[in-house]
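Scope of the values below: all heavy atoms of this structure, side chains included, with no hydrogens, waters or symmetry mates. Atoms within a ligand are numbered from 1 in the order they appear, just like the ligands themselves.
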Amino acid sequence: MTKANDVPVFTPRRMTVIGCGYLGAVHAAAMATLGHDVVGFDLDASKVELLSTGRTPFYEPGLDDLLSEALATGRLRFTTSYAEAAEFADVFFLCVGTPQKKDSNAADMTYVNGAIDTLAPLLTRPALVVGKSTVPVGTAEALRDRLVALSPAGVDVRLAWNPEFLREGFAVKDTLSPDRVVVGVDDPADADELAALYAPVLELGMPWVVVDLATAQLVKNAANAFLATKISFINAMAELCEATGADVVALADAIGHDARIGRRFLHAGLGFGGGCLPKDLRGFMARAEELGVDQALAFLSEVDDINKRRRLRAVEVTTDLLDGDVSGKRVAVLGAAFKPDSDDIRDSPALDVATLLHDLGAEVRVHDPKAMDKARETRPELTYIDDPVEACRDADVVLHLTEWAVFRELDPVKLGEVVKHKRILEGRNTLDSGAYVRAGWDFRALGRPIIKG
Ligand code: UGA
């Protein structure tokens with residue numbers, strides 16, 4: 001690893017970003033902002049149309065502005081034409097999705113393989129293809145060989161791997177000032193080319209990490225596995241706290257003071273969801289099994305199980321708050337997104353708990369500041385209410401399941417006036433428990449002692 005104190009001269013390039021989901025849309029806009037000429041490619045015509053007019057198909061703070069500014073420079077456009085995308089660029093960023101397969105833990109590589117198979121025959125001059133998608137280790141090497149075999153330009157088409165570490169909700173910041181830039185290359189010249197392309201980012205002093213292809217892919221797998229493990233560790237401690245009357249928040253604070261442990265990503269609660277951590281964890285285990293080293297990652301299976309148990313525990317505590325019977329009870333659910341500042345509901349713990357309670361016969365009324373439309377599409381059986389206080393009207397119990405700032409601002413006294421029973425399950429440990437208790441609520445938090453109002 002080298003600190004980028006010897007930053008190369010910035011070289012503006014003509015580049016195509018293949019796949020304009022969270023990762024690709026942000027990357028395309030950010031690259032144009034840095035000064036590159038960018039074409040964003042996506043197969044989905046409606047997505048391309050939206051992005052072309054400066055609108056995003058998902059909620060991401062700051063992205064609309066970044067996109068509008070980038071479009072205004074004239075250096076960014078979007079297309080559904082592979083031929084146009086291939087003809088335009090010398091650098092191709094691969095940003096397509098790698099969801100979990102429907103019938104196994106493995107990552108579905110259909111989009112990655114499809115992109116390479118379509119792009120390669122169109123590459124008639126030297127090009128650098130840069131993978132950013134999260135893939136099972138070994139994928140890059142196979143794609144490299146495929147590119148060389150299928151491209152008219154042959155060995156002049158090179159492949160590098162440049163994993164992405166952006167978090168939803170912070171995608172713009174994480175792209176323009178990431179905490180490190182990792183590139184996996186076969187040839188150091190490809191790393192130099194990428195350093196020149198990222199020069200404005202590296203000038204901020206970010207660590208610049210050059211490794212081989214296999215390590216670059218594993219860095220991403222390992223980072224997400226570690227983050228998931230950290231969350232499940234504290235949630236396992238929450239189980240211990242629940243069994244002993246201890247307080248997981250105080251415990252996390254105390255162990256987090258040790259700089260070797262650190263307090264970040266030790267927020268106990270409903271656990272992790274989203275389009276990344278759960279499926280990446282499972283994809284990593286599936287790949288380890290293929291490689292014959294499944295024992296090395298056997299612990300990740302427990303990490304996954306601890307995480308799933310939190311959702312069941314939330315249902316259990318809710319049932320307890322409802323005196324053992326959920327059926328026919330009105331349950332207000334605050335939160336549907338998998339985390340705040342996002343409208344992403346993929347593998348959302350909040351929506352999962354809401355659905356489990358609905359299936360048990362509860363009347364579930366959900367509010368989320370941004371994720372209602374997406375939630376309604378996948379879980380039409382739930383009732384969606386536009387206002388958080390109205391969602392709580394006549395509720396037998398309130399569940400706080402996604403920690404949006406607006407939920408912290410609710411006044412427990414006023415909220416207490418609209419509910420039927422002042423009972424709340426705190427699934428994210430961010431509310432002011434004292435204020436709720438003082439307002440007479442029965443306050444149950446995951447991993448914390450029971451407090452009766
Ligand atoms: C995650 C990683 O944090 C990024 O570094 C990575 O680039 C990204 O996946 C990806 O692979 O693309 P993201 O899914 O946006 O990013 O969300 P996180 O902030 O990691 O949160 C994931 C889940 O963990 C959320 O459901 C969140 O509520 C939960 N979480 C997070 C906790 O339960 N406790 C914590 O302490 C932290």
Centres of the Y22 and H27 rings: under 6.0 Å?
no
Please determine if [X] forms a cation-pi arrangement with [Y], meaning its NZ or CZ atom is less than 6.0 Å from the six-membered ring centre and no more than 45° off the ring axis.
| X | Y | value |
| --- | --- | --- |
| K230 | F265 | no |
| R180 | F165 | yes |
| R287 | F284 | no |

Per the under 4.0 Å non-hydrogen criterion, ligand 1 touches E164, F165, L166, R167, E168, K220, N224, L227, I231, F265, L266, H267, G271, F272, G273, C276, L277, D280, F338, K339, R428
Exercise answer: donor-acceptor pairs, residues 193-200 side-chain atoms, under 3.5 Å, sequence neighbours excluded:
from : atom 1 : to   : atom 2 : distance (Å)
E193 : OE1    : R158 : NH1    : 3.1
E193 : OE2    : R13  : NH1    : 2.9
E193 : OE2    : R13  : NH2    : 3.1
Y198 : OH     : K132 : NZ     : 3.4
Y198 : OH     : N162 : OD1    : 2.5

Which of these passes salt bridge (Lys or Arg N to Asp or Glu O under 4.0 Å) with E242: R444, R448, R310?
R310
